[in-house]
Amino acid sequence: MGEFLDRHPEQFFAACWQHLGLTALATVIALVLVLPLGLALTRGPLRRLGRPALVAAGIGEGAPAIGLMVLLACVLGFGVRSSVAGLVACAVLPALRVFTAGRAPPARWMVSRPAPG
């Protein structure tokens, strides 16, 4: 890699900026999807679907990321769309799990205690 970097520094840094841009775009898309979905799964009528969503997130996380990227490249073709879709798919499931777990009330609030007095 050092030899490539010595010969083509502008190409290397352009690829780094492109990578950072794709990652930032995928992060924004994932957050736009996760925040409303996470709120819906922790409040209101969709609250009962929170646990099945976490199970689905766990199953989705078990799939190898490289396999998902290859599958998306075969379906969507090679390019920005398949790259961003793969990054979003890999980011949404763990982020949803963390968001819904973080929104649950602490266990100490669920224990009833006698009133002081």
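Hydrogens, waters and symmetry mates are skipped; everything else that's a heavy atom, side chains included, is used. Computed from a predicted model, the values in this text were never measured in an experiment.
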What pair of heavy atoms forms the shortest contact from A26 to V88, and how long is it?
O-CG2, 3.6 Å
Please determine whether residues V84 and L33 belong to a single hydrophobic cluster, defined as Ile, Leu, Val, Met, Phe, Trp and Tyr linked transitively by side-chain heavy-atom distances below 4.5 Å.
yes
Are L96 and L41 side-chain neighbours, meaning at least one heavy-atom pair lies under 4.5 Å?
yes
So does G77 get a backbone contact from the side chain of S82, meaning a donor-acceptor N/O pair under 3.5 Å?
yes
Residues A85 and L76: closest non-hydrogen pair is CB-CD1, 4.0 Å
If hydrophobic clusters are built from ILVMFWY residues whose side chains come within less than 4.5 Å, do L93 and L31 share one?
no
Answer yes if V32 and L25 sit in the same cluster of Ile, Leu, Val, Met, Phe, Trp and Tyr residues linked by side chain heavy atoms under 4.5 Å apart, and no otherwise.
no
So CZ of R47 and OG1 of T42: to nearest 0.5 Å the spacing works out to 7.0 Å
Examine L37 and V28 and state if one hydrophobic cluster contains both, with Ile, Leu, Val, Met, Phe, Trp and Tyr joined whenever side-chain heavy atoms are less than 4.5 Å apart.
no
Separation between CZ of F12 and SG of C16, rounded to the nearest 0.5 Å
3.5 Å
Within the supplied structure, the quantity of interest is the number of heavy atoms (other residues, nucleotides, ligands) at a distance under 6.0 Å from H19 NE2; does it exceed 12?
no
Linked, directly or transitively: L39 and L35 (ILVMFWY side chains, under 4.5 Å)
yes
Please report the interatomic distance CG(L22) to CD(Q18), rounded to the nearest 0.5 Å.
5.5 Å
